[in-house]
Amino acid sequence: MRLLRIAAAVEAASLVVLLGNLFTVHAKVITTFCGPLHGTAYLAVIAATWTARLAGRWLAFVPGVGGLLVLRAPRARAGG
């Protein structure tokens, strides 16, 4: 679960950085570093979700925020 939280945070943060870069300066250095970081975090979220067999694991396939959605899914069901 800890791996999923870290990977989801990195995935979301790297997406914000990539989009911010796209709409402002479009620096190639940022894209070169954050692009592979975002892709790796996305794959880590999918792997962590499927190996832990969490509820709502299909949500992990949503790019950018899938890990955060998976982390929220069990809490929504438990509280509802």
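Values in this document were obtained by computation on a predicted structure and should not be read as measured data.
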Please tell me whether Val65 and Val45 are part of a single hydrophobic cluster in this structure, the criterion being side-chain heavy atoms less than 4.5 Å apart.
yes
Supply the atom-to-atom distance [X] [atom1] to [Y] [atom2], rounded to the nearest 0.5 angstrom.
X: Cys34; Y: Leu22; atom1: SG; atom2: CG; value: 12.5 Å
X: Asn21; Y: Lys28; atom1: CG; atom2: NZ; value: 12.0 Å
X: Glu11; Y: Leu68; atom1: CD; atom2: CG; value: 7.5 Å
X: Leu71; Y: Leu4; atom1: CG; atom2: CG; value: 4.0 Å

With sequence neighbours excluded, residues passing side chain to side chain contact (heavy atoms under 4.5 Å, CB included) with Val16:
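With neighbours one apart ignored, the set is empty.
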Among all residues two or more places apart in sequence or in another chain, which pass the side chain to side chain contact (heavy atoms under 4.5 Å, CB included) test with Leu43?
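Leu43 satisfies side chain to side chain contact (heavy atoms under 4.5 Å, CB included) with no other residue.
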Apart from [X] itself, residues in the same hydrophobic cluster as defined by side-chain heavy atoms under 4.5 Å:
X: Val29; result: none
X: Leu37; result: Ile6, Val10, Phe33
X: Ile30; result: Val17

Do Ile46 and Arg57 touch side chain to side chain, with heavy atoms closer than 4.5 Å?
no
Minimal non-hydrogen separation, Ala60 against Val70, with atom names:
N-CG2, 3.5 Å
Which residue pairs pass the side-chain hydrogen bond (donor to acceptor under 3.5 Å, both in side chains) test when at least one of the two sits in residues 42-52, sequence neighbours left out?
none
